[in-house]
K.L.:
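Here it is, the structure, as structure tokens.
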Amino acid sequence: MPFSRVLATLLLLVLPVSVFAESHTAQQWVMRMDHAVENTNYQGRMVYMRRDHIGTFQIYHRVDGDDVQERLVRMDGDGAEIIRRKNEVICIFPKQRAVFVDMQGKLNRVQNPLQASLPGYTPSMTSNYKIVVTGTARIAGRETIRIGIKPKDVFRYGYQLWLDKETAMPLKAQLIDASREIPLEELLFTSIELDKPVTLDMLESSLEI
């Protein structure tokens, strides 16, 4: 695990729960988000939009102690599935009748649109970005806090994040062209179930290759 993620996890354990419940700083919300994406049990449907490309995915994410497993199903297009188990990533492409297995986990962040759409938290993040709470909204039937991550220079993209008030799980994320203040990419959960059991059979592929 990268040092920045270890640090964020330790801070979550040390700081009082009331600090996060009161949402004292936008930075703490981003720290919580970084932890929640990997350490929350959830299943849901999300839409990923980029320019003229739109994809719909069903995701199952299961956490049992240190064991994290995930299954991502493309609901349109080629119907591909991605299954992650510890350091193993399995990509299944039914139309090509092909299966790719990556034992190093290098494909995970590239192939998973949720993690690929989010900024990774680092302790030095505030050196390059201004992180602010910009409002609230209701996404996928849940109340969220909206966080703006604005670059301090013209060489970086910005972000808008909508984080679940209860868990800090990101329910909507936008990559922003800071110079024109327009979204280049957007990910949106249209439905989500948080902290409900994700069973092992949900993580098994439904495809036959």
Side-chain angles (χ1 to χ4, degrees), residues 1-2 4-6 8-9 12-13 32-50 53-121 139-142 144 161-164 166-173 175 185-209:
M1 180 182 292
S4 61
R5 290 182 181 269
V6 173
T9 301
L12 284 167
L13 295 175
R32 288 189 68 199
M33 176 201 73
D34 206 49
H35 181 81
V37 170
E38 189 73 357
N39 295 281
T40 303
N41 285 287
Y42 59 90
Q43 57 178 298
R45 186 160 295 193
M46 57 189 183
V47 178
Y48 174 74
M49 293 163 279
R50 184 185 64 191
H53 171 77
I54 299 178
T56 304
F57 301 86
Q58 182 75 25
I59 186 169
Y60 304 91
H61 188 90
R62 184 177 189 268
V63 181
D64 184 8
D66 294 331
D67 184 23
V68 179
Q69 299 186 51
E70 185 176 87
R71 175 173 166 235
L72 187 71
V73 183
R74 180 74 184 262
M75 304 304 293
D76 47 22
D78 59 4
E81 293 192 15
I82 300 169
I83 299 172
R84 177 165 66 100
R85 299 167 181 155
K86 295 184 179 179
N87 290 328
E88 180 184 68
V89 178
I90 304 170
C91 302
I92 306 172
F93 302 96
K95 286 189 176 181
Q96 293 83 4
R97 301 187 65 82
V99 178
F100 297 96
V101 180
D102 173 22
M103 299 299 294
Q104 302 301 318
K106 295 178 181 179
L107 292 176
N108 179 54
R109 190 168 181 85
V110 176
Q111 297 290 342
N112 185 329
L114 174 59
Q115 292 183 329
S117 298
L118 300 173
Y121 174 80
I139 306 291
R142 299 181 67 90
T144 68
L161 306 172
W162 286 257
L163 308 183
D164 179 60
E166 182 179 344
T167 64
M169 182 72 187
L171 302 186
K172 181 178 178 180
L175 178 68
E185 299 179 8
E186 179 173 302
L187 184 134
L188 170 69
F189 272 96
T190 57
S191 64
I192 190 168
E193 295 182 23
L194 294 164
D195 288 320
K196 290 190 177 181
V198 175
T199 60
L200 290 175
D201 63 297
M202 293 177 180
L203 302 168
E204 296 294 331
S205 175
S206 61
L207 301 174
E208 294 183 5
I209 302 297

K.L.:
Provide the full list of ring-ring contact (aromatic ring centres under 6.0 Å, His included) pairs with a residue in residues 61-82, sequence neighbours left out, each pair given once.
P.N.:
Tyr42-His61
K.L.:
Between Phe189 and Ile59, is a side chain to side chain contact (heavy atoms under 4.5 Å, CB included) present by the stated rule, with each step listed?
P.N.:
CA-CA 10 Å; Phe189 272 96; Ile59 186 169; 3.9 Å; yes
K.L.:
Where is the tightest heavy-atom contact between Ala173 and Ser117, given as atom of each residue plus distance?
P.N.:
CB-O, 4.2 Å
K.L.:
Do Leu187 and Pro170 have side chains that get closer than 4.5 Å, going by heavy atoms?
P.N.:
no
K.L.:
For the CG atom of Asn41 and the OH atom of Tyr60, what is their distance to the nearest 0.5 Å?
P.N.:
14.0 Å
K.L.:
Can you give me the closest heavy-atom contact between Ala80 and Pro94, atom names plus distance?
P.N.:
CA-CD, 3.9 Å
K.L.:
Can you tell me how far CG of Leu72 sits from CD1 of Ile92, rounded to the nearest 0.5 angstrom?
P.N.:
11.5 Å
K.L.:
Residues two or more places apart in sequence or in another chain: which of them pass salt bridge (charged side-chain N to carboxylate O under 4.0 Å, His left out) with Arg74?
P.N.:
Asp76
K.L.:
Taking salt bridge (charged side-chain N to carboxylate O under 4.0 Å, His left out) as the test, write out the residues that go with Glu204, two or more places apart.
P.N.:
Arg85
K.L.:
Any side-chain heavy atom of Ser206 within less than 4.5 Å of one from Arg71?
P.N.:
yes
K.L.:
Just by modelled atom types, is the Val198 backbone N or O under 3.5 Å from a matching donor or acceptor in the Arg62 side chain?
P.N.:
yes
K.L.:
Test of understanding: with salt bridge (charged side-chain N to carboxylate O under 4.0 Å, His left out), list the residues that count as partners of Glu185, not counting sequence neighbours.
P.N.:
none
K.L.:
Rounded to the nearest 0.5 Å, what separation is found between the CZ atom of Arg142 and the CD atom of Glu193?
P.N.:
10.0 Å
K.L.:
What are the two closest heavy atoms between Ser205 and Glu81, and how far apart are they?
P.N.:
OG-OE1, 3.0 Å
K.L.:
Could you walk me through whether Ile83 and Leu203 satisfy the side chain to side chain contact (heavy atoms under 4.5 Å, CB included) test, starting with their C-alpha distance in whole Å, then the side-chain angles of each, then the deciding distance to 0.1 Å, before giving a yes or no?
P.N.:
CA-CA 7 Å; Ile83 299 172; Leu203 302 168; 5.6 Å; no
K.L.:
For Leu163, which of Arg32, Met169, Met33 qualifies under side-chain contact (heavy atoms from CB on, under 4.5 Å)?
P.N.:
Met33
K.L.:
Could you list the residues that satisfy side-chain hydrogen bond (donor to acceptor under 3.5 Å, both in side chains) with Asp67, not counting sequence neighbours?
P.N.:
Gln69
K.L.:
Is there side-chain contact between Ile139 and Ile192, with at least one heavy-atom pair below 4.5 Å?
P.N.:
no
K.L.:
So do Lys172 and Thr144 actually touch side chain to side chain, heavy atoms under 4.5 Å?
P.N.:
no
K.L.:
Asp201: which residues meet the side-chain hydrogen bond (donor to acceptor under 3.5 Å, both in side chains) condition with it, sequence neighbours left out?
P.N.:
Thr199
